[in-house]
S.K.: 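Below: one structure in structure tokens.
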Amino acid sequence: MKAFIDHDHMDMLQDQNLCTRLLNWYNASHRDLPWRKTGNPYAIWVSEVMLQQTQVKTVIPYYERFLQRFPSVNELAAADLEDVLMVWSGLGYYSRARRLWEGANYILQHLNGQMPGDYDGLLRIPGIGDYTAGAIASIAFGQRIPAIDGNVKRVLSRLLAWNEPVETVRSLRRFKERLLAWQSVENPGDFNQALMELGAMVCTAAKSACGCCPLADVCRGFLGGEALLYPLKKPKTRRKDITRLTFVLRKGNKIYVQKRPAKGLLAGLWEFPGSEIEDSDGQSPNDGLPDISRDEYMVHFQKALADRGFDLLAEEQFRRGVILHGPIWYTFSHRRWKIIWVIIDLPEPRSPFPLRETEGDYSSNSKDEYSEISRWVSLENSGQTPLPVAFSGIYESLQSELTSSLQELE
DNA sequence: AAGTCGGGGTT
DNA sequence: AACCCAGACTT
């Protein structure tokens, strides 16, 4: 009896009619998204990279801005990475921006500026993995190949009542086999998008609108009355709490920021200098401010800044005693920062000569910014420096402090 | 196979 | 809070 059901179910999934039904549903009710109005493989590439781990609603304004600023592979390749990061800032996962830029340069140098037209070629480009290669190949070039994202994993796991974690290679392999047998020959790109659209609009994570689903009558999860049991997932590792002692060097209304390394956390963005303090394994939430001695401040300060030019002034302030601000909690995917900060006020320069490290100097397209590792950004205008959202709490606190001090002057 | 990489939207 | 999101890459 069970074997009969399995066989019957397989037949249903391989039924051309089912694929047609999915496409009909998609054609009738899909959202009108910007990247669905173009056949330009570059634009689709940009959209797919932005959509990695990022919701459609969040991506749309970034997508429009990015294409306006970098309309083609050539123009992206010719741009400074700094400018690409500027447009990307706020979107997160900043290595995506760097790899997109690297990918454009790769295409320009090795492929004569022409995007690869198939899965295998696309897969070699930085930032294009299994999913994105399949998505671009099918959507922009009509190649018949699956594109399995989180939506598709959820839809398939419910459709098949898949009783294994969906992240494993085994699950992925089985899903690919299934989709390859099922995928539309005439329009494989729409087929892939239809599955994702179904996952985004109907077969959603927390609830699911099975009453509106065009596949409900063959969905094992729904027929068994337990669609929400799926997808099965492996348990996740817990987030680590890390205290980040942050130093705000202030000169009038300007704040000192330095560039983070090209790889790793917040790669290539500009930060307030800081030093991480591992919260001792104790599982105490430790919501208060840590007790830091003057000597410890100096050790952290020297670890945080490469520039030794501020050591004397900083030490003097630490000796006099400092006010520890915060904490502000900020959560990443894999860690949680307890941000605390001290403000170190520096004397304003007496000379009328402009500072070398200012935004104004930088923006005058001088191309020798490779060595630039620090800047002074003004609190009123930080629009030329990609800053992480993690520090926006500190930033706003400084801005409001500035505003109120200006009001006192009146 | 597990860990590293953001930020925002949802329950 | 926890979970999710049109994942890729490193270890």
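Computed from a prediction, not measured in an experiment: that's the story for all the values here. Naming convention: chains lettered A, B, ... in sequence-line order (proteins, then strands); numbering from 1 in each chain.
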S.K.: Identify the two heavy atoms, one from A:Ile340 and one from A:Pro290, that lie closest to each other, and give their separation to 0.1 Å.
M.R.: CD1-CG, 3.5 Å
S.K.: Relative to A:Tyr62, does A:Arg65 satisfy both conditions: NZ or CZ under 6.0 angstrom from the six-membered ring centre, and within 45 degrees of the ring's axis?
M.R.: yes
S.K.: Just how far, in rounded Å, is P of C:dG7 from CD1 of A:Ile125?
M.R.: 19 Å
S.K.: Looking at A:Asn112, I want to see if its CG is surrounded by more than 12 non-hydrogen atoms of other residues, nucleotides or ligands under 6.0 Å.
M.R.: no
S.K.: Can you check the distance between B:dG3 and C:dC3, where both ends of the measurement are the P atom (answer in whole Å)?
M.R.: 15 Å
S.K.: So what does A:Asp130 hit on the nucleic acid, given a heavy-atom distance under 4.0 Å: a base, only sugar-phosphate, or nothing?
M.R.: sugar-phosphate
S.K.: For C:dT11 and B:dG6, measure between their P atoms and round to the nearest Å.
M.R.: 16 Å
S.K.: Indicate yes or no: at least one non-hydrogen side-chain atom of A:Leu180 is less than 4.5 angstrom from one of A:Ile145.
M.R.: no
S.K.: Does A:Ser47 reach a base, just sugar-phosphate, or nothing at all? Heavy atoms under 4.0 Å.
M.R.: nothing
S.K.: Identify whether any heavy atom of A:Leu33 sits under 4.0 Å from a base atom; if not, whether one sits that close to sugar-phosphate; answer base, sugar-phosphate or nothing.
M.R.: base
S.K.: Which word best sums up how the rings of A:His325 and A:Trp341 line up, parallel for under 30°, tilted for 30 to 60°, or perpendicular for over 60°?
M.R.: parallel
S.K.: Sticking with atom P, work out how far C:dA8 lies from B:dG8, rounded to a whole angstrom.
M.R.: 22 Å
S.K.: Taking for each residue the nucleotide of DNA chain C bearing the nearest heavy atom, is the 5' side occupied by A:Arg99 or by A:Arg36?
M.R.: A:Arg36
S.K.: Need one value for A:Gly199: base, sugar-phosphate or nothing, where a base atom within 4.0 Å counts as base even if backbone is also close, heavy atoms only.
M.R.: nothing
S.K.: Rounded to the Å, how far apart are A:Leu91 CG and C:dC5 P?
M.R.: 17 Å
S.K.: Nearest-Å distance, OH (A:Tyr230) to P (C:dC4)?
M.R.: 16 Å
S.K.: Can you tell me the distance, in whole Å, between the CZ atom of A:Arg154 and the C1' atom of C:dC3?
M.R.: 11 Å
S.K.: Just to be sure I understand the rule, does A:Arg260 reach a base, reach only the sugar-phosphate, or reach nothing, if contact means heavy atoms closer than 4.0 Å?
M.R.: nothing
S.K.: Would you say a side-chain N or O of A:Thr54 is under 4.0 Å from OP1 or OP2 of C:dA6?
M.R.: no
S.K.: Please identify the 5'-most and 3'-most nucleotides of DNA chain B with any atom under 4.0 angstrom from a heavy atom of chain A.
M.R.: B:dA1 to B:dT11
S.K.: NA contact type, A:Thr204, heavy-atom cut-off 4.0 Å: base, sugar-phosphate, or nothing?
M.R.: nothing
S.K.: Below 4.0 angstrom, N of the basic side chain to O of the carboxylate: do A:Glu348 and A:Lys251 qualify?
M.R.: no
S.K.: Can you find a side chain N or O atom of A:Gln53 that sits less than 4.0 Å from OP1 or OP2 on C:dG7?
M.R.: yes
S.K.: Specify the separation, in whole Å, of atom OH of A:Tyr93 and atom P of C:dT10.
M.R.: 15 Å
S.K.: Nearest-nucleotide wise, let me know which of A:Lys236 and A:Phe332 is further upstream toward the 5' end of DNA chain B.
M.R.: A:Lys236
S.K.: C:dA6 and B:dC5: how far apart are their P atoms, nearest whole angstrom?
M.R.: 23 Å
S.K.: Take A:Trp337 and A:Tyr330 through the test ring pair (Phe, Tyr, Trp, His ring centres under 6.0 Å) and record every step on the way to the result.
M.R.: CA-CA 5 Å; A:Trp337 269 359; A:Tyr330 188 82; 7.4 Å; no
S.K.: Which is true for A:Trp35 with a 4.0 Å heavy-atom rule: it touches a base, it touches only sugar-phosphate, or it touches nothing?
M.R.: base
S.K.: Expressed as a whole number of angstroms, how long is the span from A:Trp45:CH2 to C:dA8:P?
M.R.: 13 Å
S.K.: Is the Lys NZ or Arg CZ of A:Arg174 less than 6.0 Å from the centre of A:Trp162's six-membered ring, within 45° of the axis?
M.R.: no
S.K.: For A:Ser184 and A:Arg144, work out which heavy atoms get closest and say how close.
M.R.: O-NE, 3.6 Å
S.K.: Could you check whether the rings of A:Trp376 and A:Phe310 sit parallel, tilted or perpendicular, using 30° and 60° as the cut-offs?
M.R.: perpendicular
S.K.: To the nearest angstrom, how far is A:His334 atom NE2 from C:dA8 atom C1'?
M.R.: 14 Å
S.K.: Need to verify one output field. Residue with the more 5' nearest nucleotide on DNA chain B, A:Tyr330 or A:Lys234?
M.R.: A:Lys234
S.K.: Taking only heavy atoms on the protein side, list every residue of residues 140-152 of chain A lying under 4.0 Å from any atom of DNA chain C, sorted numerically.
M.R.: A:Asp149, A:Gly150, A:Asn151
S.K.: Looking at every non-hydrogen atom in both residues, tell me the closest pair between A:Ala137 and A:Asp118 and how far apart they are.
M.R.: CB-C, 4.3 Å
S.K.: Just the rounded figure in Å: distance from C1' of C:dG7 to CG of A:Leu123.
M.R.: 13 Å
